[in-house]
2 protein chains.
Amino acid sequence: MVADIAERAGVTARTFFRYFTDKREVLFDASAELEKKSLAALEAAPATASTLDLVATALDATVDIIGHDHELARKRHVVIMANSDLRERELIKLAHMSAALADGLRRRGIGDAEASLAAEAGSAVYRVAFQRWADADDDLDLRDVIRRSFAQLRALTAPN
Amino acid sequence: MVADIAERAGVTARTFFRYFTDKREVLFDASAELEKKSLAALEAAPATASTLDLVATALDATVDIIGHDHELARKRHVVIMANSDLRERELIKLAHMSAALADGLRRRGIGDAEASLAAEAGSAVYRVAFQRWADADDDLDLRDVIRRSFAQLRALTAPN
DNA sequence: CGTAGCGATGTCATCAAGTGACATCACCCT
DNA sequence: AGGGTGATGTCACTTGATGACATCGCTACG
């Protein structure tokens, strides 16, 4: 219950709802910062970068925030995956991020359709990479996993 | 309110909740059928198909269900996009579909990582394609839009 | 024919999640 | 000292959702 959560934090339920719009939102507090960082990285990228490179750069930037605490990330992931309402929330955060990313790409002059698609594709890569990383027993580097997932996407879509 | 919705259907709110787990679920009634159809298409695909071809085939199959009523699709899409909780639900349905697709790919002997990634990438393509189609003023063919989006993904990820 | 049983629905009570309106309290500023 | 301001608490209320139990209609079976 929200009342319990709030009590643990030493406040009333009403106060809780002043800080978080939602019960679930507690778990996704960092998402705004994540988005900000990755957008900043996008802006800072060199003009020569390809669309997909830009996306990769933006995703890479999130690693600084969440890539260090593997154990925490794993636990958090387990909790989220176990509750469909938390999964919903996570997905919409990702979708929001993807939309912001697409906007960022458009601001760099990339065509509308291409921007959306690149952002969504990047989001897809991120999803599987993060999942892979969080599930891994050994201590992988999230950045590496993302890179390898991008490479795998390239391989997958390459004409044969 | 649920009470109103139920009343329109000539039942009580309690009965409503016996048919739908959720208020939102009404709008996503067809998703199970969608998944079934696309999995069936996946099973029926020739053994020679590439992973991405398989995904494309599976997505194509959904067009038979939702691709005909452009006007309905548009209206539904508008409603969903306007409500973040409906968007959440839609996203998790898509995620569910993607997971099922990945499973289907694995059952065809495709490697675990590749299956997940291909399914997620397909899901990304589908998202943008559907969005594009729903937003379009003129009467596009959803199947075409999906195909073109796939092509665009290939172009995007092609080495340059 | 009558009734036992079953499935679908209704009724009622109850809980959890939010939300608006208003009260308090602490603190700062002049 | 007193007035304003921001953060928190209190209270009442709405809506979504769920469990327990009652009811009703139909069907099978003696």
Side-chain angles (χ1 to χ4, degrees), chain A residues 1-36 65-66 72-100 127 130 134, chain B residues 1-36 65-66 72-100 127 130 134:
Chain A
M1 289 196 310
V2 172
D4 298 339
I5 303 175
E7 195 187 355
R8 279 233 213 175
V11 295
T12 338
R14 191 65 186 86
T15 299
F16 173 92
F17 284 116
R18 287 197 181 97
Y19 284 89
F20 302 99
T21 62
D22 216 51
K23 185 183 177 184
R24 295 174 275 169
E25 202 64 14
V26 191
L27 266 173
F28 302 94
D29 212 23
S31 74
E33 192 195 351
L34 230 59
E35 189 176 312
K36 215 181 64 186
I65 305 183
I66 54 174
L72 175 64
R74 188 210 307 287
K75 280 181 191 161
R76 187 173 168 282
H77 196 236
V78 167
V79 171
I80 292 174
M81 285 304 152
N83 292 70
S84 68
D85 48 349
L86 293 178
R87 292 229 305 146
E88 287 184 341
R89 181 54 51 88
E90 165 131 304
L91 290 171
I92 210 172
K93 290 293 181 188
L94 245 179
H96 195 271
M97 175 99 155
S98 170
R127 248 190 286 273
F130 186 84
Chain B
M1 292 195 311
V2 172
D4 297 339
I5 303 174
E7 194 187 357
R8 279 233 213 174
V11 296
T12 336
R14 191 65 187 85
T15 299
F16 173 90
F17 284 114
R18 288 198 180 99
Y19 283 88
F20 302 98
T21 61
D22 215 53
K23 186 184 175 184
R24 297 174 274 169
E25 201 63 15
V26 191
L27 266 174
F28 302 94
D29 211 24
S31 75
E33 192 195 351
L34 229 57
E35 189 176 313
K36 215 181 66 185
I65 303 183
I66 55 175
L72 175 64
R74 187 210 306 288
K75 280 181 191 161
R76 187 173 167 285
H77 196 236
V78 167
V79 171
I80 291 175
M81 286 304 152
N83 291 70
S84 68
D85 48 348
L86 293 178
R87 291 229 304 146
E88 287 185 341
R89 181 54 52 88
E90 166 130 304
L91 290 171
I92 210 172
K93 290 294 182 186
L94 244 179
H96 195 271
M97 175 98 155
S98 170
R127 248 190 286 275
F130 186 83

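A, B, ... follow the sequence lines: proteins, then strands. Residue 1 opens every chain.
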A.B. asks: Closer than 4.0 angstrom, basic N to acidic O: yes or no for A:Arg24 and A:Glu90?
C.D. replies: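 A salt bridge is absent here (no side-chain N lies under 4.0 Å from a carboxylate O).
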A.B. asks: Can you identify which nucleotide, out of C:dG10, D:dG16, C:dG18, has its nearest atom closest to the B:Lys23 side chain?
C.D. replies: D:dG16
A.B. asks: Rounded off to whole Å, could you give me the CZ-to-C1' distance for the B:Arg24 and D:dT15 pair?
C.D. replies: 14 Å
A.B. asks: Is any side-chain heavy atom of A:Arg127 closer than 4.5 Å to a side-chain heavy atom of A:Leu91?
C.D. replies: yes
A.B. asks: Is the shortest side-chain N/O distance from B:Thr12 to OP1 or OP2 of C:dT9 below 4.0 Å?
C.D. replies: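 B:Thr12 to C:dT9 OP1/OP2: no side-chain N or O under 4.0 Å.
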A.B. asks: Does C:dA8 have its OP1 or OP2 closer than 4.0 Å to a side-chain nitrogen or oxygen of B:Tyr19?
C.D. replies: no
A.B. asks: With a 4.0 Å cut-off, would you call B:Asp22 and B:Arg89 a salt bridge?
C.D. replies: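 Salt bridge between B:Asp22 and B:Arg89, a charged N being under 4.0 Å from a carboxylate O: yes.
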A.B. asks: Take atom CD1 of B:Ile5 and atom P of D:dG16, then tell me their distance rounded to the nearest Å.
C.D. replies: 7 Å
A.B. asks: Taking for each residue the nucleotide of DNA chain C with the nearest heavy atom, is it B:Arg14 or A:Val2 whose nucleotide lies nearer the 5' end?
C.D. replies: B:Arg14
A.B. asks: Roughly how many Å is it from CD in B:Glu7 to P in D:dG16, rounded to a whole number?
C.D. replies: 14 Å
A.B. asks: Tell me the interatomic distance from A:Asp22, atom CG, to C:dT19, atom P, rounded to whole angstroms.
C.D. replies: 8 Å
A.B. asks: Does A:Arg18 make a side-chain donor-acceptor contact with the base of D:dG6, cut-off 3.5 Å?
C.D. replies: no
A.B. asks: Quick check: on DNA chain C, is the nucleotide nearest B:Phe16 upstream (toward 5') of the one nearest A:Met1, or the reverse? Name the residue that is more 5'.
C.D. replies: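 Mapping each residue to its closest nucleotide by heavy atoms, the 5'-most match is B:Phe16.
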A.B. asks: What's the closest nucleotide to the B:Thr15 side chain, out of C:dG18, C:dG10, D:dG16?
C.D. replies: C:dG10
A.B. asks: Can you find a heavy atom in the side chain of A:Arg76 that is under 4.5 Å from one in the side chain of A:Phe28?
C.D. replies: yes
A.B. asks: Which whole-number value in Å describes the distance from A:Asp85 CG to C:dA17 C1'?
C.D. replies: 12 Å
A.B. asks: Figure out the CG/P separation between A:Asp4 and C:dA16, and round it to whole Å.
C.D. replies: 9 Å
